[in-house]
Amino acid sequence: MSIAYDTIAFRSAKCDGCGECMKACAAVKQGTSRISIVPGARDGAFEMALCRQCGDPKCVMVCPAGALSKNAGNGIVDWAADRCVDCLLCTSGCAYGAISADPIGGRVIKCDQCGGDPACVGACPTDALEWGSAGSIYNRFGDKEDMFVPGLAGCQGCNSELIMRHVMRRIGRNSVLATPPGCIPGMGSVGYNGKTGTKVPVFHPLLTNTASMLAGVRRYYDKIGRKDIVVMALAGDGGTVDCGFHAVSGAAERGEKILYICVDNEGYMNTGMQRSGATPYGSWTSTTPVGDKLKGKTQDAKNMPMIMVAHRAAYVATASTAYMEELYDKLDRAIEASFHGFSYLHIYSPCPTGWRVPANKVIEACRLSVESNFVTLWEYTPEAGLRFTRSPDRPVPVVDYARTIGKYRHLDADQLAHIQAKVDEQVALLKRLAGEVSAVSAARAAAPEDSSTSAGAVPPPLRHETFRP
Amino acid sequence: MPEAKYLLVGSSHAALEALRAIRRLDPDGSMAMVTRDGALPYSPTVLPYVMSGRSRPDAVILRDRAFFDEVGCRFVSGVAATGLDTAARSVRLADGTQWRYGRLLVATGAAPAIPPIPGLDTVAFHVLRTLDDAVGLRARMGLARRAVVLGAGLVGLHAAETLAEAGLSVSVIEMRGQVLPGYIDAKASARIEAAFAGHGVKLLLGRTATRVAAQDVGIAVTTDDGRTVEGDLLLVATGVRPVTDWLAGSGVQVERGVLVDGFLRTSAADVWAAGDVAQGLDFASGTRQVLGIIPTAVEQGRIAGFDMAGDAGQKPWVGGLPVNTYRFFGRPAVSVGQAAAGGDGFEVVEQDLPHLYRRIVLAGDRLVGIASVDDPFDAGIMGELIRRRVDLAAVKDAFLADPTAIGRRLMSEQWR
Amino acid sequence: MSQAAALSRDSRTLVIDGNEAAAWGAALSRPDVVAVYPITPQSSLVEYLAKFIAEGKMDAELMDVEGEHSVLSVLHGACLAGGRTYSATSAQGLAYMFEPYFRTPGLRLPMVVSLVTRDSVTPCCVWGGQQDAMTVKEVGWIQMYCETQQEICDSIPIAYKVAEHADVMLPVNVCHDGNYLSYGVARVDLPEQEVVDAFLGEKNVNWHACLDPERPMAVDPLTGGAGGAGPSMFVRYRKGQCAGMSAALDVIVAAHEDWGRRTGRYWSPLIEEYRMEDAEVALVTIGSMTGAAKDAVDEARLDGRRVGLVKIKTFRPFPAKAIAAALSKVKAIGVVDRAVNFGWNCGPVFQEVLAALYALPVRVPLVSFIGGLAGADITPEHFARSIADTIRLAAGEQVSSPVWLNEFDK
Ligand SMILES: Cc1cc2nc3c(=O)[nH]c(=O)nc-3n(C[C@H](O)[C@H](O)[C@H](O)COP(=O)(O)OP(=O)(O)OC[C@H]3O[C@@H](n4cnc5c(N)ncnc54)[C@H](O)[C@@H]3O)c2cc1C
Ligand code: SF4
Ligand code: SF4
């Protein structure tokens, strides 16, 4: 395996052109900034030129003096001042304007990532610059065994396949995997006609009983002392929030020690893109079509992760493949929690086919969904409460996200306003919850021993006679 | 008889990039690099700095022995290829060995072209193409006071600058009316000429050397206007010619250089050619030309390497683009594409200010060439704009005013 | 183990209802995982299980889940992981668990689930009847119907022995009538734990399909489709299920005999023939009604009528040969059902018996009696009337079928 490196990523949508990064760079380099922010095509839009520390750097190739080299340790394309003869040839190799003649000193300058702690990233007030450790994820997991066959029959650009492979690479062989009916077995996780698509024990539960079957598996293994197996699901949103909801809710309430990962593509994509309870307002689906009378789904999506919070599950988190470092961190915590209680990870997963997103824009869609707060990234434990893992402040308008998604193409201004309002309301609620949860624990900690309103009091058990007509 | 699946002849830019490309696709195939030069790989471009003393000869090495061991390539140096037998798939070396190859890369580059000036063969003169040349010149330089340089191309000017900086009195004789003819336009060259003049270099432009004769001390060069220029040191830099002599009789088609197609294949099966030795597609004219610059050598070497290793996804080369960066007496000059073009079908916008000169050449709202003096720009981005034929109609005024900002913006949009 | 064994020793003979008898039968079979959800008239059964587990008398994982759908689902998971599993349900619960229920025999999971039989809504009703069990008779579960509390207790270990037999590998419903058996109290002799342990031997429930990282496999890959290997593979699955059902007949007989040898209680494994040696007419019964029916047969015999009775214990697989043989010499047959076959508009057992008799060279007339719906009593009087009707049929008279036994009860 070759190794991958950490990089500085630029989110043009967040950049307001303040130039703080350039000031910071100029200050630490005591000269001209290595990063340059330039006006973009639209008013208020900005673009950036910065060395990408190419894997196959052209600047290095054309240098006649051996002054440039790719550092195998940290991936940085190093410039050796003493070897450089100032010929400027390297500037002809770079397509990004990232190595250029310094108008002050006259020598060439380029970004060296400040040795792993880039000043520009720290100075950016809008998070438009991000220090991406996606490279270290690759280094950590790239060598790990892929648990699926190479030829899964997913659509081009399928985000769910990405999720499956990443997740199982991390989890490994000591696991039992449920993949309920949907795209995941549809692309071959359980295989066809007696041939498996997976290296771990895998099965189709019913669409309706994933969490229950897993609970049974876990209980038996716990009973016989094999407690280190990850018992888990990669389930779609339909089977999770709709017809399999009872099982998820029941397992969460009982604290069954399983890892339940919901791969949310906002509908029944495998059966032909019908709406589910997780389909957002306004979406075109094949059962919420767009015509003269109807303009897509008329109800908002069910918020399953919040429902799981209401169950006080041992761990609840939302994640997006646009932020893999986070996803992996959450996966680590989710796995750990699944040995103690019900662990729920909700991963948003745009479907290029069903959402009408070009295959090469899926990750872009993921990112915009987060940048617009359409998707919020947070995690929850009963002990620590809810906390945002990415700031929901300074979002881009939700219309910027909706514009990239074909299933929202028909939306009119009112519908877009509804979605924006819903997103704002959601964020406000989450923020309150993030505050309130800690307020409650604080109150509990402060409550006197005999307080009649103690939040921790356990109500007496009630016996219910069950009469089922 | 030694043999290699991949035999690379030459050890400079083109051959090194081919090696890298081959190893990407075929980590194990047997490989050998044979080169006339006795040294480890280096670039001819760096020689003026060796000559000036800025770079130590051992510090310009591009790859060391360990590199060749690591990538599994035999490095055979100090022995020239003298013949090619495509039927037997073998290359004959000066020491008599025959190398059998599976696939052959001809990357023997170029060598100084020595003009047929009467008397030149009777005197001691220098050229600048190898490390030995540079080291020799440096030694000689210290003993000389007056230097005569034939040719005001890239090599001639670089050498002239170095000689002048070393305190010699330098005369440059150039047949054409400007320095760097063909690379940049007259206004740009005028600024460079001024820089040379400012540092005491005598530029004899529009003059042809008609005779060279030995003096008691040094030499004398007579020009077509009847004047004579004397010197202790003579450097001939009147151009280069591809090193193709060893291919004679092999059946590999040679015109000015070795003729190659879009995949750098020659007319002979399993023989590729790249770099200064090759005559390949020129982006602007669509004809086959010898371009003689590093960007072309590395690009060709790379494509040839991938093709040699059987890359099925390979796209043919779009053609070479002249790209030159210079710095004379600290003053940067850059040119990309048809920077000196003008006339019908071209729109030329010049900025001729006291502190900088810039010339942008457009054709149908698309950039085709750009040059500047004292105003370095992102040559790589400009090359991309030209190669991708990016339509600049929407941003034209802004581009003309600030090519750097608009270029960076366009590339940032392209690559996000 | 020792605790349960100890308990069974200090109270070898109990006076308990059928639900507790089932709970004891289950406890003695040592399931690893028990899943429960209450429903009338099964509720006390799962309460007993919970109590046994709470008191440490039974070493099983208790999964008190959110509904019957999950009851069977968690057991699927546990069984595929290698555990012995048990639960019980009734009527609406069975209807709700139908989705995993249908899947159980397809996965060849050898689990045992008691059905405390009950009539199903609508009309709204929570009382005994066999409509629930009869409605799922085609699904592929083995069904055994018990007559007494003791038979319930004994039949559950027997059911495990059958289910887990390598030639069978099918789930078993041990059925007992709601109300009469579930709440009716009788003496039950508990078998010794050691006896049950020896009878059942080592369990191996997932040798064929498992979810175990040490033996990774895909359980239930997609099969079928228009052509190729898929449909033929599916056919082989289905044929395999049928083969398991056929093999079960002999296995059931052998298991009952084995149980008899170890405990002294020899239950009729497939059918029981009562006073059939010289019988001219016969009643066919199933489940707890049989006691009253036998009384009626005895009464009729006192009156000199040559009446006999065949009780069906194993309804799935249907013991067609045994039934045809037992009924081959009578002149008329009355089949008493506690459920309705809609469409044929008769009793379901009647319909099955009719089909079994097709193998006979002679045509024997049959009449369908439907009684005991919604918890109604089928008294010896009702059976006396059935016998009289069957005798009339034997005499060549017309009897309109079905006869709804409780239609005019007061
Ligand atoms: C002074 C100077 C300044 C320059 N400045 C610039 C510049 O600023 N920008 C720019 O782009 N380009 C410049 N160039 C040109 C540039 O150096 C060449 O384009 C480039 O080196 C071409 O690389 P190549 O691999 O094709 O061949 P070369 O660099 O010419 O190398 C040829 C190789 O082949 C070997 N060889 C030759 N004959 C034989 C044989 N018969 N058998 C075996 N081996 C053989 C040689 O030893 C050598 O290793 C300059 C050149 C010189 C001399
Ligand atoms: S300077 Fe340009 S070519 Fe070199 S590594 Fe950076 S981005 Fe790549
Ligand atoms: S300017 Fe320096 S780093 Fe760039 S190509 Fe020339 S020698 Fe190499």
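Here the structure is a predicted model, which is why all the values come from computation and not from measurement. Letters go in sequence order (proteins before strands), and every chain restarts at 1. Any value given below was found using the heavy atoms of this structure, including those in side chains, with hydrogens, waters and symmetry copies removed.
Using a 4.5 Å heavy-atom cut-off against chain C, no residue of residues 230-241 of chain A qualifies as contacting. Applying a 4.5 Å heavy-atom cutoff, the residues of residues 166-175 of chain A that approach chain C are A/Arg173, A/Asn174, A/Ser175. Of all residues in residues 178-186 of chain A, none places a non-hydrogen atom less than 4.5 angstrom from a non-hydrogen atom of chain C.
If you measure heavy-atom distances from A/Arg226 to chain C, the contacts under 4.5 Å come from the side chain alone. Looking at A/Glu253, neither its backbone nor its side chain comes within 4.5 Å of chain C, counting heavy atoms on both sides. If you measure heavy-atom distances from A/Tyr192 to chain C, the contacts under 4.5 Å come from both the backbone and the side chain.
Contact tally against chain A (heavy-atom pairs below 4.5 Å) for C/Val65, C/Val33, C/Leu75: the top residue is C/Val65. Interface remark: of the candidates C/Ser120, C/Pro213, C/Ala218, C/Ser232, C/Pro213 forms the most heavy-atom pairs closer than 4.5 Å to chain A.
Under the salt bridge (charged side-chain N to carboxylate O under 4.0 Å, His left out) criterion, A/Lys227 pairs with no residue, sequence neighbours left out.
With hydrogens and angles left out, the side-chain atoms of C/Glu66 and A/Ser249 include no donor and acceptor closer than 3.5 Å.
Looking at A/Tyr220, its side chain does come within 3.5 Å of a backbone N or O of C/Gly82 through a donor-acceptor pair. Although no hydrogens or angles enter the test, the distance criterion places no donor-acceptor pair under 3.5 Å between the side chain of C/His76 and the main chain of A/Met213.
The number of heavy atoms from other shown groups lying within 6.0 Å of CD (A/Gln156) does not exceed 12.
C/Leu211 and A/Val202 get closest at one heavy-atom pair: CD2-O, 3.9 Å. Of all non-hydrogen atoms in C/His69 and A/Asn209, the two that sit nearest each other are CE1-CB, 3.7 Å. Nearest approach of C/Val219 to A/Val190, heavy atoms of both residues: O-CG1, 3.6 Å. Pairing each heavy atom of C/Pro216 with each of A/Lys199, the nearest pair is CB-O, 3.3 Å. Here the shortest heavy-atom pairing between C/Asp64 and A/Arg254 reads O-CD, 3.4 Å.
Two residues are said to be in side-chain contact when any heavy atoms from C-beta on lie closer than 4.5 Å; A/Leu206 and C/Arg103 meet this criterion. Taking 4.5 Å as the limit, some side-chain heavy atom of A/Thr208 sits within range of a side-chain heavy atom of C/Glu99. The side-chain heavy atoms of A/Lys223 and C/Asp59, taken from C-beta on, include a pair separated by under 4.5 Å. Side-chain atoms of C/Val74 and A/Arg219, non-hydrogen and from C-beta on, never get closer than 4.5 Å to each other.
Residue C/Met233 holds its CE atom at 7.0 Å from NZ of A/Lys195, rounded to the nearest 0.5 Å.
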- request: Kindly determine whether C/Ser70 and A/His246 satisfy side chain to side chain contact (heavy atoms under 4.5 Å, CB included), including the steps that lead there.
  value: CA-CA 8 Å; C/Ser70 283; A/His246 63 101; 3.8 Å; yes
